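Quick notes on the structure that follows.
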Protein chains: 2
Amino acid sequence: MVTLADVARLAKVSTMTVSKVLRGTGAISDETKTRVFEAADQLGYVPNRLAGSLSTRKSMLVAVLIPSIADTIYAEIISSLHGLLDQASLSIFIAESRMDPQIEERQVQELLSLRPAFLIRSGGIDSTKRTQALLKRFKVPHIQIWDGDDPQGQVNVGPSHIEAGKLAAAHFLGLGLNRVAYVGAETQLDICASRRMESFMADMNAAGVEVSVITEPHLPRQAESGEILTRQLLEGGLSVEGIFYLNDAMAIGGLRTLLNAGYRVPEDVRVMGFNGTSREQTINTRLTTISTDGRRLGEAVAKAILESDNGELAEFRQLCPLTLDLGNTT
Amino acid sequence: MVTLADVARLAKVSTMTVSKVLRGTGAISDETKTRVFEAADQLGYVPNRLAGSLSTRKSMLVAVLIPSIADTIYAEIISSLHGLLDQASLSIFIAESRMDPQIEERQVQELLSLRPAFLIRSGGIDSTKRTQALLKRFKVPHIQIWDGDDPQGQVNVGPSHIEAGKLAAAHFLGLGLNRVAYVGAETQLDICASRRMESFMADMNAAGVEVSVITEPHLPRQAESGEILTRQLLEGGLSVEGIFYLNDAMAIGGLRTLLNAGYRVPEDVRVMGFNGTSREQTINTRLTTISTDGRRLGEAVAKAILESDNGELAEFRQLCPLTLDLGNTT
DNA sequence: TGTTTATGTGTTATCGATAACAAGATAGAT
DNA sequence: ATCTATCTTGTTATCGATAACACATAAACA
């Protein structure tokens, strides 16, 4: 492995000089500079940032902790983040919490052991006491995303899920629906989804509309679960005029079940999702959904990081706008 | 920041003893062990793995370099990888090459500067000479994914895109089509897609069927591009009986355009995609596509890593099976 | 000529951990 | 009682870089 010392030896200078040349700090004569550059190039030297970070006590690492990378909305956020942070040579490393506080605790430890310069964490899960204590003690600049309703960390960027539930309710009420359902999964873990459900129910109830809740704590938030739960709903003999699903994937599954069972959408039942992740993938049936722009969210986070003063984040909260994407299912 | 020394001080032992206790190496009396554990716990000590890695000269980092995290197929691979590597306390950090050799070169440098234990890299792009030289010089255990046709690195896991093209051709030929088109984007960068196209064309041509190629080097591989290029195809007055798209997203866009223009699918035109990323998201129109299982691919890679002998990968190649997912668009 | 001021370059200590070895304490063997 | 073996703990050097400072050398000024 090529080290600074190897380059120094070849260029016949000290390691310190090489270090200065390669980072562009200090005053170095042009002649030495070229000698050093040539030596580094010839040896294919790539600095060891682990050592560098240890020495300077600043890391170039940005830790990202989210429920799942396979969830399109988070993948979008990370992708946009990476594009922007890359300019500053910040590296991103990721971990999945799967919405589980215990797993989250372990992941936070793993992430902190790399001494990241920033920790980006998806909110909306009920972190353990130890997790909270760790985060407080380490006082890593902490950015919470996704949960705009319960700001934590110096920076918070995300949509209000309470607002999302209200939007859904307003939409259904505007259509004059009288009997509706909410279909979800992994209920006790996902606080954001709970908030959507609760504010949806509250507003519906306030207007005199009852909401049937169909949830199953252990099903994943996928299309298949949407199918299963919707089948349950139909078998239960409940006839509803509208269904608000936890997310787009489940809504798609629900749609499949409804259409297969001979229901017409939206004539017989209206269907609404959340997140807008199906937008790109649908053809004639365009799901009505409520969404927020993941790439824009990523940009806001990147901005906060890039504008941080020597690693110190300025306090910043931003509620990401939600839009009701009208499809043809409501 | 709490260090080993802090823990040692509180437990009234040397740093070495603390290090041994926390890693479970060496012979330590039970009494000291509990004292150390208590001290560590009380201080909320989290080891600094940067320092640890520097000292042991082994890192716990796995670098992943892919075209885009927002591309569902890669997100799936990473998610499955993370789940398995986590057991071994291996951290994953990611970088996007956007299919650009120059960007890839820069990303490889960034990644190598973190001295990863393994480098997982998506093949199918034409790496620069410097990139290749770097990878060779560093001799990081190198795993190539996604491109099964041109194995590089000690481990190679991915589908054969030549085979995919052949599958597509066989399917269209089996349907008796006589005039078909291939629609793609970013052509000169994506070698895997090129291979699919070329083997598709070769087999079609061999059977006497001509293939119209509609591509645009600078369009992204999205639904919208599928719309644009399909519109171009229609405006060109070309009447084809089948279209093979670069991926599912573009095929979906193409489907939208075709249906809007009054074409019936599959009666007038057959449509086929690649990757299967739309499967979860479609409702009545189920796209015929060719796919490989991303999670399984991730598992194979994780297995190779976990079974590596002290960081040394055993040579291993695996062609991931491709399946033709018959929908109702062909 | 002697002193100051730039301008380059090198020394030393340090970051937080671990490897390798050294050493003190205790117990058992002779 | 002496010696060796075992068990436990501590010392020192090191990983690859950088911060802070020290030291040459040459130019600039009185």
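Proteins get letters first, then strands, A, B, ... in listed order; numbering begins at 1 in each. The structure presented is a predicted model; accordingly, all values stated were derived computationally and were not measured.
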| query | Roughly how many Å is it from CG in A:L43 to P in D:dG16, rounded to a whole number? | reply | 14 Å

| First encountered from the 5' end of DNA chain D, between B:S14 and B:A51 | B:S14

| Reported CD1-to-CD1 distance for the pair B:I120 and B:I78, which is rounded to 0.5 angstrom | 8.5 Å

| request: Would you kindly give the CE-to-P distance between A:M16 and C:dT9, to the nearest whole Å? | output: 13 Å

| query | Starting at the 5' end of DNA chain D, which residue's closest nucleotide do you reach first, B:S29 or A:N48? | reply | B:S29

| query | Taking atom P of D:dT9 as reference, at what distance in whole Å does atom NZ of B:K12 sit? | reply | 15 Å

| said: I want to check one thing: is the phosphate of D:dC15, taken as OP1 and OP2, less than 4.0 Å away from some side-chain N or O of A:T3? | reply: no

| query | Rounded to whole angstroms, how far apart are CG on A:L112 and C1' on C:dG16? | reply | 16 Å

| note | Against the side chain of A:T17, the closest entry in D:dA17, D:dC15, C:dG10 is C:dG10

| task | Could you check which of C:dG10, D:dT18, C:dT18 has an atom nearest any side-chain atom of A:V13? | result | C:dG10

| Looking only at atom types and distance, does a side-chain atom of B:S308 sit under 3.5 Å from a main-chain N or O of B:N310, one as donor and one as acceptor? | no

| Selection from D:dA17, D:dA19, C:dG16 that lies nearest to any side-chain heavy atom of A:R23 | D:dA19

| task | Report yes if the side chains of B:L135 and B:Q152 come closer than 4.5 Å at any heavy-atom pair, otherwise no. | result | no

| note | With the side chain defined as heavy atoms from C-beta on, B:L4 is closest, among D:dA19, C:dA17, D:dC15, to C:dA17

| said: So B:T32, base contact, sugar-phosphate only, or nothing? Heavy-atom distance under 4.0 Å. | reply: sugar-phosphate

| request: Measure across A:A8 and A:V18 and return the closest heavy-atom pair with its distance rounded to 0.1 Å. | output: CA-CG2, 3.5 Å

| message | Please determine whether the number of non-hydrogen atoms from other residues, nucleotides or ligands lying under 6.0 Å from atom CZ of A:R137 exceeds 12. | response | yes

| request: Figure out the CD1/P separation between B:I28 and D:dG10, and round it to whole Å. | output: 9 Å

| query | Over how many whole Å does the gap from A:K58 atom NZ to D:dA17 atom C1' extend? | reply | 14 Å

| request: Kindly say whether, by distance alone, the side chain of A:K20 makes a donor-acceptor pair under 3.5 Å with the base of C:dG10? | output: yes

| field | Side chain of B:S19 (C-beta onward), nearest among D:dC15, D:dA17, C:dT18 | value | C:dT18

| task | Quickly work out the A:K33 NZ to C:dT7 P distance and round it to whole Å. | result | 13 Å

| Between C:dA17 atom P and B:L22 atom CG, what is the distance in whole Å? | 10 Å

| request: Give a yes/no on whether any side-chain N or O of B:Y45 is located under 4.0 angstrom from OP1 or OP2 of C:dA17. | output: yes

